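Sequential numbering from 1 along the given sequence is applied to the chain's residues. Small disclaimer: the values here were computed from a predicted structure and weren't measured.
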Amino acid sequence: MPLLHSVLAQVFSWSGICLILQGLVALVVLWTVRLLARHAWYTHKLSCFNKPQTHSWLLGHLGQMQSTEEGLQLVDDLVQTFKHSCCWFLGPFYHLVRTFHPEYVKPLLMASANITVKDELIYGPLRPWLGQSLLLSNGEAWSRRRRLLTPAFHFDVLKNYVLTFNSSTNTMHSKWRRLLSEGTTNIEMFNHVTLMTLDSLLKCAFSYRSNCQESSSEYVSAIVELGDLVMDRRFRILHQWDWIYWKSQQGQRFKQALSVVHRFTREVVQKRRALIDQQRATNPTKTPQRKKDFVDIILLSQDEDGKGLTDEEIMAEANTFMFAGHDTTASAICWTLYNLACHARYQDKCRQEVMDLIQGRDGHEMEWEDLSNLPFTTMCIRESLRLHSPVQAVTRRYTQNMVLPGDLTVPEGVICLVSIYGTHHNPSVWTNPHEFDPLRFDPTNAQNHSSHAFIPFSSGPRNCIGQKFAMAELRVVVALTLLRFRLTPGVDPGLTSSSGGVRRLPQLVLRAEGGLWLQLEPLNPPSFQGTPRTSF
């Protein structure tokens, strides 16, 4: 004990404190020197790329990335000025190469998954929520998960979900009918459609009927809050450090919402595994009467060694399915309806296509076979995905130098920002890129486009695994909505003047400031009122 007291006395003496402070100062100086040296090295290596003007050699373009209408207009300016790519740095911390031309995007997206890494700047805030899921994992871990998850998105599985898409859409349309009967014709789309896609995903993923479109749900509220908090964190510099973020008010709210989401998913996975194990033990040859949902399929998936995913891994994938599947699809649906509301002749042509398809049927529900028989409606959906892509960009890092056209080289470790928005609005790729023209996707015209001119679901080995799921839901919801309602542009009641138009809001997905408002007019009496068909 005397020895301990002696040591403590020396540590907490004035000279001991000075030594500690000197050590800390030395560490800070060393860290700063290394940071500045790294900054100078990357600046030199990226000198082959054009660089937009900066206000400071040190801060660079920090603060110039804006999640606003003006931020998207800035991307338009970059595309007009630099045509295909430019470099960008956020202080001395992050160095990026931004690409917005198919020939420069292609080598980045088509690179082998073995050398492709998801960067922590954009995807790091999602890790506490989604874990080491397919979206965030790398290397062999990613390859194994991709193989195990692919069967969950097979056409035979997607067929079973069409009834669910119909059912959830019917519920949303019933709500709209009630609002119209009460005299409300001006309706904000994002709120309604997001709840509908969440309702649909909960049924497809967990066979869980939340009734979230009609009443509040703790789980759904937590999902929405997590998305808002992830976006909020991206724009707070100090919150990039976990030890600061988790002590903040936002960090505490994130933890609370996260506990709700993880508890729900864990309970579903554990109960479902116990049920499957019980069925195997009692009657291994008996086929379950209930149709398999997403959790069932990934619980039963096994790799070439006969090993499946652990409960924690399944939770991560189920959470990712919910996160990645509801907001993106909701955004795509809303903007498609908006674009058709703004272009009555295209809307009428789509509606006629749907009416011709279901002519003579007793009920107005879409079937799996219908989805491939809506060519013009699909062209309109694709054009909306080009003009208003739900995801504006994807980022990647690479474990080796990446060579781009024009003798440009992206150094290993630099973040590559593939601008989906910039590529889709590049005037050297698309004629009149800011106009809605579904005929761009007429088969006779589409063949003239580069393979990477249209990338709403990204491309290459790490493309969106759920894109067929999303396109199926899009076709069902758009077709049924046009069948039952006529759409015209609405007015945001929060605006004093309607002359400003819709201002885009690029967050986790593309939204609209103040919401996206449409005027609805009911058409034929709904044939779905009564006892709806169910999917599970």
Side-chain angles (χ1 to χ4, degrees), residues 62-76 90 96 98 118-130 135-136 188-198 201 220-237 239-240 245 250-251 253-254 257-258 261 319-320 322-339 384-395 415 417-422 424-425 455-458 464 470 492 494 500-517:
L62 195 65
Q64 292 187 34
M65 279 188 170
Q66 306 172 49
S67 285
T68 60
E69 174 69 29
E70 287 74 22
L72 292 178
Q73 292 172 5
L74 174 61
V75 178
D76 289 329
L90 306 176
L96 298 86
R98 305 179 68 164
K118 289 295 184 74
D119 68 275
E120 290 300 307
L121 173 64
I122 301 298
Y123 297 100
L126 294 170
R127 203 168 292 283
W129 180 3
L130 308 181
L135 181 66
L136 303 179
E188 199 285 305
M189 290 287 108
F190 270 103
N191 179 50
H192 289 269
V193 176
T194 299
L195 287 176
M196 185 275 296
T197 56
L198 278 167
L201 272 176
V220 169
S221 298
I223 288 278
V224 173
E225 183 169 27
L226 285 176
D228 292 340
L229 289 170
V230 165
M231 196 63 200
D232 176 77
R233 185 179 183 183
R234 285 185 179 178
F235 292 94
R236 295 176 184 260
I237 296 297
H239 285 180
Q240 303 309 305
Y245 182 67
Q250 288 86 350
R253 285 172 54 200
F254 191 97
L258 194 63
V261 170
N319 287 329
T320 300
M322 291 299 302
F323 159 74
H326 85 277
D327 234 9
T328 51
T329 309
S331 175
I333 291 169
C334 289
W335 286 109
T336 300
L337 296 179
Y338 168 79
N339 284 314
S384 188
L385 287 171
R386 183 199 66 81
L387 189 61
H388 293 102
S389 297
V391 177
Q392 300 299 291
V394 294
T395 57
I415 297 173
L417 188 149
V418 175
S419 177
I420 296 174
Y421 174 88
H424 286 181
H425 293 79
I455 48 172
F457 300 103
S458 186
C464 174
D492 180 358
V502 172
R503 286 174 53 85
R504 298 163 296 178
L505 185 64
Q507 296 184 320
L508 280 178
V509 298
L510 185 65
R511 304 177 73 87
E513 289 185 19
L516 199 58
W517 296 81

On a heavy-atom basis, the closest approach of Pro128 and Leu258 is O-CD2, 3.6 Å

Who passes side chain to side chain contact (heavy atoms under 4.5 Å, CB included) against Ala332, sequence neighbours left out?
Leu385, Pro390, Leu474

Under a 4.5 Å cut-off applied to non-hydrogen side-chain atoms, are Leu201 and Phe323 in contact?
no

Answer yes or no for Arg233 and Phe254: cation-pi contact, defined as NZ/CZ to six-membered ring centre under 6.0 Å and angle to ring axis within 45°.
no

So, using side-chain hydrogen bond (donor to acceptor under 3.5 Å, both in side chains) as the criterion, who are the partners of Ser458 when residues are at least two apart?
none

State which residues pass side chain to side chain contact (heavy atoms under 4.5 Å, CB included) with Ala393; sequence neighbours excluded, sorted by chain then number.
Leu417

How long is the span from the CE atom in Met231 to the CG atom in Leu226, to the nearest 0.5 Å?
15.0 Å

Test item: Met322 and Leu198 side chains (from C-beta on) under 4.5 Å apart, heavy atoms
yes

Hits for side chain to side chain contact (heavy atoms under 4.5 Å, CB included) against Ser221, two or more places apart or cross-chain, chain-then-number order -> none

Starting at CG of Asp76, measure out to CD of Glu70 and round the result to the nearest 0.5 Å.
12.0 Å

Quick one: does any side-chain atom of Trp335 pair with a main-chain N or O of Leu510 as donor and acceptor, under 3.5 Å?
yes

For Met196 and Ile333 the tightest heavy-atom approach is CE-CD1, 3.9 Å

Would you name the heavy atoms of Ala512 and Leu516 that are closest together and state the gap between them?
CB-CD1, 3.9 Å

If the threshold is 4.0 Å, N to carboxylate O, is there a salt bridge linking Glu69 and Arg503?
no

Can you name the nearest heavy-atom pair linking Thr194 to Thr197, along with the distance?
O-OG1, 2.9 Å

Who pairs with Ser419 by side-chain hydrogen bond (donor to acceptor under 3.5 Å, both in side chains), at least two apart in sequence or on another chain?
none

Would you please test Arg511 and Asp327 for side-chain contact (heavy atoms from CB on, under 4.5 Å) and show each step?
CA-CA 10 Å; Arg511 304 177 73 87; Asp327 234 9; 3.6 Å; yes

Residues forming a ring pair (Phe, Tyr, Trp, His ring centres under 6.0 Å) with His326, sequence neighbours excluded:
none

Pairwise side-chain contact, Leu72 with Gln392, heavy-atom cut-off 4.5 Å (strictly under):
yes

With no hydrogens and no angle check, is any side-chain donor or acceptor of His424 less than 3.5 Å from a backbone partner on Ile455?
yes

Residues which pass salt bridge (Lys or Arg N to Asp or Glu O under 4.0 Å) with Asp228, listed by chain and number, not counting sequence neighbours:
none

Would a 4.5 Å heavy-atom cut-off, applied to side chains only, mark Val75 and Arg98 as touching?
yes

Nearest 0.5 Å please: distance from the CG atom of Leu130 over to the CG atom of Leu136.
5.5 Å

Test of understanding: with ring pair (Phe, Tyr, Trp, His ring centres under 6.0 Å), list the residues that count as partners of Phe457, not counting sequence neighbours.
none

With sequence neighbours excluded, residues passing ring pair (Phe, Tyr, Trp, His ring centres under 6.0 Å) with His425:
Tyr421, His434

Sequence neighbours excluded, which residues qualify as side chain to side chain contact (heavy atoms under 4.5 Å, CB included) partners of Gln250?
Leu229, Asp232, Arg236, His239, Tyr245, Ser248

Report the distance from atom CG of Leu387 to atom OH of Tyr338, rounding to the nearest 0.5 Å.
9.0 Å

Check salt bridge (Lys or Arg N to Asp or Glu O under 4.0 Å) between Arg386 and all other residues, then give those that pass, not counting sequence neighbours.
Glu383

Contacts of Glu188 that satisfy salt bridge (Lys or Arg N to Asp or Glu O under 4.0 Å) - sequence neighbours left out
none

Can you name the nearest heavy-atom pair linking Leu505 to Ser67, along with the distance?
CD1-O, 3.4 Å

